[in-house]
Amino acid sequence: MAKKFLYLNRKAPYGTVYALESLEVVLIAAAFEQEVSLAFLDDGVYQIAKGQNPKAAGMKNFSPTYNALGDYGITQLYVERESLVERGLTEEDLMPIVYEDENDEYAEKPSVQVISRAEMSQIMAEQDVTLSF
Amino acid sequence: MLHIVNKSPFERNALKSCLAHALAGDSVLLIEDAVIGAVSGSSIVTELQQAINGNAVKIYALSPDLAARGVKAERVLEGIQVVDYAGFVDLTVANEKTQSWL
């Protein structure tokens, strides 16, 4: 039986390797047909910020990879509203990540859901396995 | 749910974020540098007391990590239960799920 896996992302990209490692593990896990969702809170919200360009800093921009998650059946990316607000960000600052809904004539639908801290607590409580990065 | 925090609240926001997300009935275990937050009089005490008294969250601190840092049991905030490694194991058994805050 498929288990509910949550990948909990709390660190900004590029400063440490956590964000990239998380994304790589997510892509591996997707191959095992589990029910996978991603949570972005605290500095982790910066992982899916628009307009990332780490070229001058000498690093590879891995943010386009988040757009591929839908093709792996990962369509639930939860972002905590309080974490955005604390950092002076809004949903407009996030990449418009979408997936094609195969049950709805492959209509493009948003994968990103901005939710409250209380809702985030509930989502954490609903998981079988939570992996922290 | 058992939440495990291993970073000092004075270096990272992991403990604060954990306490803000813990639900009533959850347990939070402070290990490694996180035990620094368990000291009575530290500025994270308000959040810890709110979690313990206001939100029915149980807080634990790992005794070998307190001892390693020279923190005696009497310096630990009232309401925080000090556990040893066997107690750590008991917590993981008593809670169906575990979530780490890095």
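Naming convention: chains lettered A, B, ... in sequence-line order (proteins, then strands); numbering from 1 in each chain.
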Linking I/L/V/M/F/W/Y whenever any side-chain heavy atoms sit under 4.5 Å apart, do [X] and [Y] land together?
| X | Y | answer |
| --- | --- | --- |
| Leu6(A) | Leu23(A) | no |
| Val82(B) | Ile36(B) | no |
| Leu38(A) | Tyr99(A) | no |
| Tyr66(A) | Ile115(A) | no |

Please look at [X] and chain B and tell me whether the side chain, the backbone, both or neither of the residue comes under 4.5 angstrom of a heavy atom of that chain.
| X | answer |
| --- | --- |
| Arg10(A) | side chain |
| Leu131(A) | neither |
| Asp128(A) | backbone |

Next on the checklist: Please find the pair of heavy atoms, one from Asp42(A) and one from Ser17(B), that lie closest to each other, and give the distance.
Outcome noted: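 That closest heavy-atom pairing would be OD2-OG, 2.6 Å.
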Next on the checklist: Using every non-hydrogen atom in the two residues, find where Leu102(B) and Tyr18(A) come nearest and quote the distance to one decimal.
Outcome noted: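 Smallest heavy-atom distance, with atoms named: CD1-CE2, 4.0 Å.
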Next on the checklist: Checking the side chain of Ser121(A) only, and the main-chain atoms of Leu23(B) only, is there a donor and an acceptor separated by less than 3.5 Å?
Outcome noted: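 Between the backbone of Leu23(B) and the side chain of Ser121(A) there is no qualifying donor-acceptor contact (under 3.5 Å).
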Answer yes or no: are there more than 12 heavy-atom neighbours, outside [X] itself, under 6.0 Å from its atom [atom1]?
| X | atom1 | value |
| --- | --- | --- |
| Phe62(A) | CZ | yes |
| Arg75(B) | CZ | no |
| Glu74(B) | CD | yes |

Drop me the distance from [X]'s [atom1] to [Y]'s [atom2], to the nearest 0.5 angstrom.
| X | Y | atom1 | atom2 | result |
| --- | --- | --- | --- | --- |
| Lys11(A) | Arg12(B) | NZ | CZ | 4.5 Å |
| Gln127(A) | Lys97(B) | CD | NZ | 7.5 Å |
| Leu41(A) | His21(B) | CG | NE2 | 5.0 Å |

